[in-house]
Engineer: 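First the structure, then my questions, so here it is.
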Amino acid sequence: MSRDAADLSERFRGCLLGVAAGDALGAPFEGLSQVDADAVARWVASPAPLRWTDDTHMTLGVARSLLDCKGVDGPRLAAELARTHDAEPWRGYGAGPPQVFAALAQGAAWDAPAAQLFGGGGSFGNGAAMRVAPVGLVAHRAPDTLAAWARTSARVTHAHELGQQAAVLQAAAVGWLVTAEPAGRDPAGVLDHLGTLAPDGVFRERLDRVAGLTSSASMRTVVAELGNGITGLEAVPAALHAFLRQPRSLPDAVTYAVRLGGDTDTIASMTGALAGAFLGEAAVPPAWRDRLEAADELVRLADALARLARSWSAAPRGDRGAREG
Ligand code: AR6
Ligand code: MG
């Protein structure tokens, strides 16, 4: 394997391990508005197993479907996410997705049930963004395809524009960071890249708030400015801030995200995806990895995604195979 190929695999592994470690480390604190720093420190340092929740469970479903379809195919992704959920429905799913999967089992079209949720407005939850990292990894060399795949991957459960935009932005952040050189490139450049995808509107305003926060801002200020809740509009900026505040340390970024409170598992998981894509596998503490549920399976999938990314980006456009939306 060439040095570049080895580096890419390292980054993909870091990203998926970061998703799972952040999810599992944040899970015990989900929903708390005040998180005790000592309690987080004790839990982070403890030897207890790190069991992940729906964030990682769905990410694995997206990864398997990407590998199977060599891209994002809405109907096949919907079937894979439903299969994944039905095998372990106790993983802590949001309210919407199980309703989608029940309707799919009754024969509904792949994107129809999502449009019925929340009075017909569709979900603006963070669930489409929390599972999208594999899309950002595989399509990192093709920004238009990345955005189209991320949106299609969201549509299975998130019909609301903000739920879909959150997924596009999180995938684009992963895609930008996975090839950024940690030693050379300022990671804050990711915000300029995301600005091209959200030139106006509420997400643009939130990205500007992320750019305006200094690293000395208190947690109270960060939560007041960005939020820490279950919506994509809050979780994407919060994860970006947690990463950009300590971009050279995955454990510091993830632990900080947990301490922000609110939707701790998801914001820490999304932070772990960003830090892991930027810093690679070596940034994940061995002690975390030893505690982490299914770490070997995450590494195996990351390596398969890296092989797909290399073969996909080397293929002529017409041979790329997957449907884009
Ligand atoms: N109107 C009102 N509330 C909404 C709307 C809406 N249009 N959309 C979302 N919500 P959901 P997810 C609220 O159920 O995005 C797990 O714990 C509503 O309270 O579509 O997959 C994960 O770990 C709804 O239940 O699921 C993540 O933390 C909630 O947002 C999270 O759930 C989540 O939207 C992912 O949830
Ligand atoms: Mg959550």
Side-chain angles (χ1 to χ4, degrees), residues 18-33 35 50-62 77-78 80-82 84-86 88-104 108 110-135 150-171 202-203 223 226-239 242 254 257-258 260-273 293:
V19 165
D23 176 8
L25 284 162
F29 304 94
E30 184 177 13
L32 299 180
S33 56
V35 178
L50 290 175
R51 302 221 174 280
W52 32 257
T53 73
D54 59 322
D55 305 56
T56 307
H57 203 221
M58 292 190 110
T59 302
L60 292 173
V62 171
L77 175 62
E80 179 60 37
L81 289 176
T84 303
H85 166 267
D86 294 351
E88 296 177 349
W90 42 264
R91 287 276 181 189
Y93 279 73
Q99 298 177 56
V100 167
F101 303 137
L104 292 175
W110 72 278
D111 58 349
Q116 305 296 319
L117 292 177
F118 300 105
S123 173
F124 47 65
N126 56 27
M130 77 188 181
R131 67 177 184 236
V132 82
V135 173
R151 196 171 273 279
T152 302
S153 76
R155 279 172 59 194
V156 176
T157 47
H158 290 67
H160 197 287
E161 174 61 19
L162 292 180
Q164 296 183 9
Q165 270 188 45
V168 171
L169 292 172
Q170 174 71 6
V202 283
F203 260 112
V223 173
L226 307 180
N228 60 3
I230 203 165
T231 67
L233 188 61
E234 296 191 16
V236 171
V254 164
V258 176
L260 280 179
D263 196 1
T264 47
D265 56 334
T266 297
I267 295 171
S269 178
M270 290 168 59
T271 303
E293 179 180 7

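Just so you know, these numbers come straight off a predicted model, no measurement behind them. As the structure lists them, so they are numbered: ligands from 1, and atoms in each ligand from 1.
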Engineer: Who pairs with Glu80 by salt bridge (Lys or Arg N to Asp or Glu O under 4.0 Å), at least two apart in sequence or on another chain?
Structural biologist: Arg64, Arg83

Engineer: Test of understanding: given a 4.0 Å heavy-atom threshold, classify the contact between Leu117 and ligand 1 as side chain, backbone, both, or neither.
Structural biologist: neither

Engineer: Which residue from Gly121, Gly122, Gly26 reaches closest to atom 7 (N) of ligand 1 through any of its heavy atoms?
Structural biologist: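 Among Gly121, Gly122, Gly26, the closest heavy atom to atom 7 (N) of ligand 1 comes from Gly122.
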
Engineer: Taking all heavy atoms of Val258 and all of Ala268, pick out the closest pair and write down the distance.
Structural biologist: CG2-CB, 3.8 Å

Engineer: With heavy-atom distances below 4.0 Å as the criterion, list the atoms of ligand 1 near Thr266.
Structural biologist: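 Listed by number with element: 22 (C), 23 (O), 27 (C), 28 (O).
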
Engineer: Of all heavy-atom pairs between Pro237 and Gly232, which one has the smallest distance, and what is that distance?
Structural biologist: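 Closest approach of Pro237 to Gly232, heavy atoms only: CD-O, 3.9 Å.
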
Engineer: Show which atoms of ligand 1 fall inside a sub-4.0 Å distance from at least one heavy-atom site of Gly127.
Structural biologist: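 Counting from 1, the qualifying ligand atoms are 12 (P), 15 (O), 21 (O), 35 (C).
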
Engineer: Heavy atoms only, cut-off 4.0 Å: how does Phe118 contact ligand 1, side chain, backbone, both, or neither?
Structural biologist: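 For Phe118, only side-chain atoms sit under 4.0 Å from ligand 1.
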
Engineer: Using a strict threshold of under 4.0 Å (side-chain N to carboxylate O), is an ion pair present between Arg51 and Glu88?
Structural biologist: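 No.
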
Engineer: Record the part of Asp55 in heavy-atom contact with ligand 1 below 4.0 Å; permitted values are side chain, backbone, both and neither.
Structural biologist: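 Only the side chain of Asp55 comes within reach of ligand 1.
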
Engineer: Exactly one of Gln165, His158, Glu161 should register a side chain to side chain donor-acceptor pair (under 3.5 Å) with Arg151. Which one does?
Structural biologist: Glu161

Engineer: Give me the atom names and distance for the closest heavy-atom approach of Ala242 to Thr271.
Structural biologist: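 Between these two residues, the closest heavy atoms are CB-OG1, 3.6 Å.
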
Engineer: With sequence neighbours left out, what residues match His85 under ring pair (Phe, Tyr, Trp, His ring centres under 6.0 Å)?
Structural biologist: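 By the ring pair (Phe, Tyr, Trp, His ring centres under 6.0 Å) rule, His85 matches Tyr93, Phe101.
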
Engineer: With atoms numbered from 1 as shown, which atoms in ligand 1 lie under 4.0 angstrom from a non-hydrogen atom of Glu30?
Structural biologist: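 Checking each atom against Glu30, I get 17 (O), 28 (O).
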
Engineer: Out of Thr231, Ile267, Asp54, Ile230, indicate the one that has the non-hydrogen atom closest to atom 22 (C) of ligand 1.
Structural biologist: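 Heavy atom nearest to atom 22 (C) of ligand 1 belongs to Asp54.
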
Engineer: Which is closest to atom 20 (O) of ligand 1 in terms of heavy atoms, Ser123, Gly163, Gly96?
Structural biologist: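 It is Ser123 whose heavy atom sits nearest to atom 20 (O) of ligand 1.
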
Engineer: Judging by distance only, is a nitrogen or oxygen of Ala128 under 3.5 angstrom from one on ligand 1?
Structural biologist: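 For ligand 1, there is no N or O atom that lies under 3.5 Å from one belonging to Ala128.
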
Engineer: Of all the atoms in ligand 1, which lie at a distance below 4.0 Å from a heavy atom belonging to Gly92?
Structural biologist: 16 (C), 17 (O)

Engineer: Yes or no on side-chain contact (heavy atoms from CB on, under 4.5 Å) for Leu60 and Trp52, after CA distance, side-chain angles and deciding distance?
Structural biologist: CA-CA 11 Å; Leu60 292 173; Trp52 32 257; 3.6 Å; yes

Engineer: Heavy-atom contact under 4.0 Å between His158 and ligand 1?
Structural biologist: yes

Engineer: Can you sort out which atoms of ligand 1 are near Gly125, meaning under 4.0 Å from one of its heavy atoms?
Structural biologist: 8 (N), 9 (C), 15 (O), 34 (O)

